[in-house]
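Atoms within each ligand, like the ligands themselves, are counted from 1 in listed order. Just so it is clear, the structure is predicted and the values come from calculations on it, not from any experiment.
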Amino acid sequence: MTCAPDATLLARLARLLGPKGFTVDPQALAPWLTDWRGRATGAAAALLSPASTEEVAAIVRLAAAHRVALVPQGGNSSMVAGATPPPDGVALLLSLRRMNAIRSVSADDNVAVAEAGVVLADLHAAAAGIGRRFPLSLAAKGSATIGGLVSTNAGGTQVLRFGTMRSLVLGIEAVLPSGDVFDGLSALRKDNRGYDLRQLLVGAEGTLGIVTAASLRLYPAVGARAVAWVGLATPSDALTLLRRLEATTGEAVESFEILPAEGLALVLRHIPGTRAPLAGDHLWHVLIEATAPAGAADPALALTDALGAAAGDGLIEDAVIAANETQAEALWRLRESMSEAERIDGMAAKHDVSVTVSQMPRFLEEGKAAVEARFPGTRVLAFGHLGDGNVHFNVRAPAGADDRAWFAAEGKAVSSFVHDDVTARGGSLSAEHGIGQFKLADFARTAAPARLAALRAIKGALDPLGIMNPGKLVPPVAPGEASQ
Ligand code: 2HG
Ligand code: ZN
């Protein structure tokens with residue numbers, strides 16, 4: 001059990017961090033107490049904003065001594081309220097945003113060392129400055145921070161070729177719940193000293209310690225990219241197209257994102273300055289990006305040939321390839337605005353699920369039909385990373401319904417239904433956003449006992465006082481479960 005911070009602890013933290021690093025001002029705290037979709041609001045006794053790893057370590061030691069919980073937070077762009085404090089108000093919110101230095105970038109090592117508060121777009125710029133790229137990208141790149149991306153094992157739109165954050169993190173520096181600093185930053189390509197603590201911290205959602213910096217893998221800068229928008233009839237055709245493109249363009253394809261017609265319609269309705277990329281109507285749309293390093297053949301040539309052949313075979317209905325960077329950005333904007341358009345449109349029960357890639361076309365069609373039959377009037381909007389077997393399977397309220405009331409009444413049942421379906425297909429209820437608060441109950445319900453037991457054992461071993469981001473990721477033992 002954790003405790004509320006007393007006046008002595010708060011005074012010591014205030015002294016340690018100074019006025020820039022400590023506040024109890026409700027106005028300064030307010031923006032960070034609600035998740036970005038406005039679905040969970042917590043409370044915190046103070047906002048701590050350390051400027052160095054040493055300060056984070058000192059905070060953790062004090063918190064451990066007083067048994068006070070810490071909730072680490074980066075850009076506050078969690079999709080599962082993973083960085084929102086619990087409502088009881090006794091936790092301390094620990095923002096890493098002041099730790100925003102890029103400690104080094106090395107073209108020889110192909111490595112950048114970035115502190116937890118570095119915003120993803122700033123890391124992109126720093127890598128570009130030495131002729132390299134950090135390939136992970138996602139719509140929230142202007143606010144998501146390295147600490148959050150590491151702690152959630154973020155995915156994004158380039159996973160097809162570069163993997164998730166796990167495959168891009170070469171080293172980690174973190175403050176463990178004991179207050180000890182784990183200095184694992186040295187970017188060794190090979191290291192067999194037993195358990196991989198670095199990978200344990202990736203995706204741990206701040207429950208095993210506070211990531212303060214990471215060594216990240218860089219790649220050669222993009223020499224040329226080709227971005228295409230394709231209209232087609234079914235997700236199954238989309239998958240056939242992806243496999244064909246891989247066969248003909250090798251490693252060039254790095255993004256393959258699918259959107260249903262109603263998804264594109266939402267973007268066109270709500271996001272100013274967007275326009276339809278193709279003249280006709282299509283049930284499904286795919287955004288494709290292929291890249292090549294400087295000096296290699298222009299990927300647009302191979303993509304044009306491959307799409308021409310696919311059109312000739314009737315696999316796709318229409319396609320356009322961006323003629324320049326402005327057009328390429330406009331196509332990407334359609335995809336990257338999907339979440340925002342959906343948020344403006346209203347409340348949705350959001351699911352971030354994966355099944356094997358080969359099952360995805362069937363799941364998209366059967367899963368949608370099953371939800372819409374079981375919850376009449378609801379509208380499934382599933383979009384995202386087809387090539388990774390991961391879609392955002394979001395269920396919107398019946399048209400004309402009070403969507404907040406609908407969500408309150410039906411949201412949990414809808415989510416359980418979707419998560420059960422995915423679990424029955426051998427899939428995961430969290431492909432990239434994490435468990436956070438929102439998926440905790442369904443995770444506990446659907447996870448195999450062996451997984452839950454191992455998760456709890458690791459948590460208990462590293463954080464015996466339970467002070468690290470309580471109420472996230474690790475389901476509490478339910479009454480009756482303990483005796484089994
Ligand atoms: C994306 O792929 C993000 O755009 C957000 O992961 C998905 O809003 C969503 O459901
Ligand atoms: Zn996504």
side-chain hydrogen bond (donor to acceptor under 3.5 Å, both in side chains) between E342 and H392, worked out
CA-CA 11 Å; E342 191 194 71; H392 303 299; over 6 Å; no
Counting heavy atoms only, which of R335, M338, E336 is nearest atom 1 (C) of ligand 1?
R335
The atoms of ligand 1 lying under 4.0 Å from a heavy atom of F383, numbered in the order shown, are 4 (O), 7 (C), 9 (C), 10 (O)
So is H433 touching ligand 1 or not, going by heavy atoms under 4.0 Å?
yes
Kindly determine whether S255 and Q158 satisfy side-chain hydrogen bond (donor to acceptor under 3.5 Å, both in side chains), including the steps that lead there.
CA-CA 5 Å; S255 303; Q158 258 64 18; 3.1 Å; yes
Shortest protein contact, atom 10 (O) of ligand 1 (heavy atom only):
K350 NZ, 2.8 Å
Does a sphere of radius 6.0 Å around CG in D88 hold more than 12 heavy atoms from other residues, nucleotides or ligands, not counting ones at 6.0 Å or beyond?
yes
Nearest to atom 8 (O) of ligand 1, what protein heavy atom do you find, and at what distance?
S339 OG, 2.3 Å
Near H385, which atoms of ligand 1 are under 4.0 Å from a heavy atom of that residue?
2 (O)
Have a look at the Zn ion (ligand 2) and estimate, to 10 degrees, the angle subtended by NE2 (H392) and OE2 (E432).
100°
Go through T164 and N153 one step at a time and tell me if the side-chain hydrogen bond (donor to acceptor under 3.5 Å, both in side chains) criterion holds.
CA-CA 6 Å; T164 62; N153 182 26; 2.9 Å; yes
For S337 and E340: C-alpha separation, side-chain torsions, deciding distance, then whether side-chain hydrogen bond (donor to acceptor under 3.5 Å, both in side chains) applies.
CA-CA 5 Å; S337 303; E340 181 60 8; over 6 Å; no
Report the residue from L266, L364, N394, I258 that forms a side-chain contact (heavy atoms from CB on, under 4.5 Å) with F383.
N394
Does the pair E173/R103 count as a salt bridge with the N-to-O cut at 4.0 Å?
yes
Quick check on R343 - does any of its heavy atoms sit under 4.0 Å from an atom of ligand 1?
no
For a distance under 2.8 Å, tell me if H385 has an N/O/S atom near the Zn ion (ligand 2).
yes
One residue to check: L138. Relative to ligand 1, which of side chain, backbone, both or neither has a non-hydrogen atom less than 4.0 Å away?
neither
Within the structure, is a non-hydrogen atom of H351 found at a distance of less than 4.0 Å from ligand 1?
no
Taking side-chain contact (heavy atoms from CB on, under 4.5 Å) as the criterion, tell me which of V175, L176, V211 meets it with F182.
L176
